Amino acid sequence: MSRDQLGVVQRLAERHEKEAGMRLSNAQGSLASAEGQLKQISDYRQDYHRLATGDQGSSIDTHQLQAARHFLSELDKIAGRQRTAIRQAEQALEQQRVSWVEAKRRLVAIEQLRAKRKKARLFIEEKREQRLLDELYVVQTRFSARSGYQE
């Protein structure tokens, strides 16, 4: 693969890694949001439970108690659905993490290959330059020997 082609491949890998990083960041945000919502539901449930059970010193009639129990039951269902959403967000986050790690691994491999090829090109160029210098020295030495010039 030529240098230009490998450069194109590296740019594509960089873009893929950046996009994977953005998806990973979005997945982290989604998980944090889902966890925040569950905390809000739990906090609301605790507050409502204290209010509904008369922990604040006020009396409550049977109808209000049944309504409160029903509402608390609904909050428990909502919290259960939110826990499911959190598990799904955690799975999505893990998938995005794996995707990003793979994209990063590929990018690093391409960068290492480019560096290795550059090093090899420089080595070949140095050998060529040294060979040319050696040939120039030989020509100068022969020319000096023919002309009788001595250093």
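Numbers here simply count residues along the sequence, with the first being 1. Small disclaimer: the values here were computed from a predicted structure and weren't measured.
Checked against side-chain hydrogen bond (donor to acceptor under 3.5 Å, both in side chains), Arg11 has no partners two or more places apart in sequence or in another chain. In this structure, the side chain to side chain contact (heavy atoms under 4.5 Å, CB included) partners of Leu132, at least two apart in sequence or on a different chain, are Arg128, Glu135. By the side-chain hydrogen bond (donor to acceptor under 3.5 Å, both in side chains) test, Thr84 is found to be paired with Arg87, residues two or more places apart in sequence or in another chain being considered. Partners of Glu111 under the salt bridge (Lys or Arg N to Asp or Glu O under 4.0 Å) rule, at least two apart in sequence or in another chain, do not exist in this structure. With sequence neighbours excluded, the residues forming a salt bridge (Lys or Arg N to Asp or Glu O under 4.0 Å) with Arg105 are Glu102, listed by chain and number. For Gln130, the side-chain hydrogen bond (donor to acceptor under 3.5 Å, both in side chains) test picks out Asp134, with sequence neighbours left out.
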Could you tabulate the donor-acceptor pairs under 3.5 Å formed by side-chain atoms of residues 71-79, not counting sequence neighbours?
| from | atom 1 | to | atom 2 | distance (Å) |
| --- | --- | --- | --- | --- |
| Glu74 | OE2 | Lys77 | NZ | 3.4 |
| Asp76 | OD1 | Arg45 | NE | 2.4 |
| Asp76 | OD2 | Arg45 | NH2 | 3.3 |

Please output the side-chain donor-acceptor pairs of residues 29-39 that fall under 3.5 Å, not counting sequence neighbours, one pair per line with the distance.
| from | atom 1 | to | atom 2 | distance (Å) |
| --- | --- | --- | --- | --- |
| Ser30 | OG | Asn26 | O | 3.1 |
| Gln37 | OE1 | Gln82 | NE2 | 3.2 |
| Lys39 | NZ | Asp43 | OD2 | 3.0 |

Show the atom names and distances, to 0.1 Å, of all donor-acceptor pairs under 3.5 Å that link a side chain in residues 14-22 to residues at least two apart or in another chain.
| from | atom 1 | to | atom 2 | distance (Å) |
| --- | --- | --- | --- | --- |
| Glu14 | OE2 | Gln10 | NE2 | 3.2 |
| Glu17 | OE2 | Trp100 | NE1 | 2.9 |

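Under a 4.5 Å side-chain heavy-atom cut-off, the cluster of Ile, Leu, Val, Met, Phe, Trp and Tyr residues that includes Leu107 has no other member.
With respect to Arg121, the side-chain contact (heavy atoms from CB on, under 4.5 Å) criterion is satisfied by exactly one of Arg117, Glu125, Lys119: Arg117.
Screening residues 89-98 for side chain to side chain donor-acceptor pair (under 3.5 Å), with sequence neighbours left out, gives Arg23-Gln96, Glu94-Arg97.
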